[in-house]
Amino acid sequence: MLSRELWTRIVNIIERDGPIPFSRYMQMALYESGLGYYVNGLHKFGAAGDFVTAPEEGPLFGQALAALLDPLAETLGPDWTLLELGPGSGALARALLTSLDRPPARLLLLEPSAALREVQRECLAGLTDDLRGRVEWIDRPPAAFDGAIIGNEVIDALPVERFAIEDDGPYRLGVGVENGRPVERRLPADDRLRAALAAIEADLAAPLPPGYRSELCVDLAGWIETVTAPLERGAVVLADYGYPRREYYHPERSTGTLVCQYRHRAHFDPFCWPGLTDLSSFVDFTAVADGLVAAGLDPAGFTTQAGFLLGSGTLDRLEAIEDPAERARRTGEFKRLALPGEMGEKFKLIAATRGCALNEAPFLLADQRDRL
Ligand SMILES: C[S@@+](CC[C@H](N)C(=O)[O-])C[C@H]1O[C@@H](n2cnc3c(N)ncnc32)[C@H](O)[C@@H]1O
């Protein structure tokens with residue numbers, strides 16, 4: 001029902017204005033008021049949802065981030081602020097607040113979805129009054145602060161443009177309607193897409209060949225600039241699945257990285273059940289690194305999730321767990337987060353700083369900066 005209502009809304013726009021760019025379709029499929037995937041109030045996260053993120057697996061990811069942020073908190077002093085972008089279920093916020101030796105004076109949760117804010121409120125309800133009292137929800141970046149900005153799996157949820165390279169140049173892929181069904185349409189590439197593609201190709205060994213299809217987040221640098229602008233002194237840490245640019249736009253990855261998730265099954269049809277299916281695309285970490293530098297931040301690390309967990313003392317924390325059953329559970333969690341065939345290599349963390357140093361050790365064990 002919900003999916004049909006959303007599709008009807010999309011069809012009405014296409015019938016009125018003509019085919020829409022894929023980025024507009026993705027924006028509506030994920031965020032259309034009351035109906036989009038992230039705002040419709042249906043369950044998304046964890047075993048009963050559509051996908052499991054690192055903080056959903058258990059506390060280890062949050063504990064590793066806490067180990068990174070505690071020394072920064074010591075430098076910044078007790079009034080430091082933590083801003084989490086796109087907190088999802090609230091699992092990372094909870095793990096951080098309960099793991100940090102020096103919890104922030106304020107934990108700001110930037111969450112556009114009212115439905116997810118309620119999920120986050122419930123997730124944090126069991127915290128002490130003191131910790132819960134530090135949490136504030138915001139719908140736009142706050143005023144200037146000293147502290148840290150974190151975001152796990154937020155960039156992959158930003159709408160992307162899809163493009164196809166043909167013999168006569170690039171096309172922007174869009175969405176039209178045929179017999180009431182969504183169909184892909186080729187639209188002319190606008191100047192923004194052409195400029196973004198030229199910047200990508202300048203980093204590749206050869207131009208993208210005819211027949212090549214992929215996607216890119218044209219608004220990424222602007223988004224990074226906006227969300228990091230309030231940070232006066234501190235660090236930004238963004239985690240997601242993705243590749244450095246030369247691997248992302250590798251000749252063999254010629255159909256792009258867009259992926260849809262429904263009840264723990266991945267599929268590749270973005271028109272299937274809009275509003276009920278998660279749509280996301282892998283992250284071009286070179287674009288993220290460029291965006292952070294363009295926003296005036298200093299690069300501080302780029303590594304795999306496995307490298308980050310190992311480099312920030314996760315094995316010591318596992319060994320210190322006394323209860324054998326709990327240690328076995330957390331060891332299982334560690335394997336899911338860190339094994340190369342699971343989340344260990346595909347997921348990466350990138351960090352940058354402004355006006356202060358970050359403990360770079362967690363980024364050095366599997367340092368990937370030379371691949372950016
Ligand atoms: C894939 S979920 C990740 C949730 C959580 N960080 C985790 O790791 O489990 C994406 C989250 O980003 C939020 N989001 C989407 N666009 C956003 C934006 N422009 N700014 C901040 N958050 C955004 C979504 O509402 C959702 O909470």
Side-chain angles (χ1 to χ4, degrees), residues 23 26-62 64-65 82-96 107-124 136-142 149-160 217-230 236-242 258-262 264 266 275 277-283 288 291 305 308 333 336-337 343 346-349:
S23 54
M26 186 165 168
Q27 173 71 33
M28 291 187 76
L30 294 183
Y31 305 109
E32 177 68 9
S33 175
L35 297 172
Y37 180 77
Y38 280 113
V39 295
N40 62 24
L42 298 177
H43 199 85
K44 334 263 167 231
F45 305 103
D50 299 309
F51 54 84
V52 181
T53 62
E56 291 290 325
E57 291 283 1
L60 295 183
F61 185 76
L65 266 181
L82 180 57
L83 166 59
E84 185 181 355
L85 310 169
S89 70
L92 181 56
R94 185 180 54 197
L96 278 166
L107 170 56
L108 306 179
L109 301 180
L110 178 58
E111 174 55 71
S113 162
L116 285 182
R117 286 179 183 209
E118 281 317 305
V119 176
Q120 293 152 17
R121 239 180 269 282
E122 273 173 40
C123 176
L124 301 178
E136 288 170 41
W137 279 265
I138 54 175
D139 55 15
R140 69 201 60 182
I149 300 175
I150 55 162
N152 184 57
E153 289 204 40
V154 185
I155 301 178
D156 69 67
L158 300 178
V160 290
C217 184
V218 182
D219 295 328
L220 182 62
W223 180 79
I224 290 175
E225 163 81 44
T226 304
V227 295
T228 61
V236 180
V237 184
L238 298 169
D240 224 308
Y241 44 94
L258 193 85
V259 60
C260 316
Q261 293 278 349
Y262 181 73
H264 299 277
T277 305
D278 180 37
L279 294 186
S280 67
S281 102
F282 279 52
V283 170
V288 179
Q305 183 164 288
F308 180 75
E333 179 191 344
R336 290 190 294 281
L337 294 180
M343 299 171 82
K346 194 165 74 173
F347 286 74
K348 305 188 177 66
L349 289 93

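What you see is a predicted model, and the numbers here were worked out from it, not measured in a lab. All values below come from the heavy atoms of this structure, side chains included, with hydrogens, waters and symmetry mates left out. Just follow the structure's listing: the first ligand is 1, and inside any ligand the first atom is 1. We're numbering straight along the sequence, starting at 1.
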Show the atoms of ligand 1 that are less than 4.0 angstrom away from any heavy atom in Val154.
12 (O), 22 (N), 23 (C)
Top protein contact for atom 25 (O) of ligand 1, by heavy-atom distance
Glu111 OE2, 2.7 Å
How would you list, by chain and number, every residue that makes a salt bridge (Lys or Arg N to Asp or Glu O under 4.0 Å) with Glu56, sequence neighbours excluded?
none
Element-labelled atoms of ligand 1 that are located less than 4.0 Å from some non-hydrogen atom of Pro55:
8 (O)
Does any N or O in the side chain of Glu333 come within less than 3.5 Å of the main-chain N or O of Leu60, such that one atom is a donor and the other an acceptor?
yes
Closest non-hydrogen protein atom to atom 5 (C) of ligand 1, residue and atom name please, with distance?
Gly86 O, 3.4 Å
Atoms in ligand 1 with a heavy atom of Leu110 nearer than 4.0 Å
21 (C), 22 (N)
Relative to the ring of Phe308, is the ring of Phe61 parallel (under 30°), tilted (30 to 60°) or perpendicular (over 60°)?
tilted
Tell me: protein heavy atom nearest atom 18 (C) of ligand 1, and distance?
Trp223 NE1, 3.9 Å
Please evaluate residues Ser280 and Tyr241 with respect to the criterion side chain to side chain contact (heavy atoms under 4.5 Å, CB included), reporting the C-alpha separation (whole Å), side-chain torsions for both, the decisive distance (0.1 Å), and the verdict.
CA-CA 10 Å; Ser280 67; Tyr241 44 94; 2.5 Å; yes
Which of the atoms of ligand 1 are close to Thr53, meaning less than 4.0 Å from one of its heavy atoms?
7 (C), 8 (O), 9 (O)
Would you check, one step at a time, whether the test side chain to side chain contact (heavy atoms under 4.5 Å, CB included) holds for Asp240 with Val288?
CA-CA 11 Å; Asp240 224 308; Val288 179; over 6 Å; no
What atoms of ligand 1 come closer than 4.0 angstrom to any heavy atom of Gly88?
4 (C), 5 (C), 27 (O)
Enumerated ligand 1 atoms positioned under 4.0 Å from heavy atoms of Leu116:
25 (O), 26 (C), 27 (O)
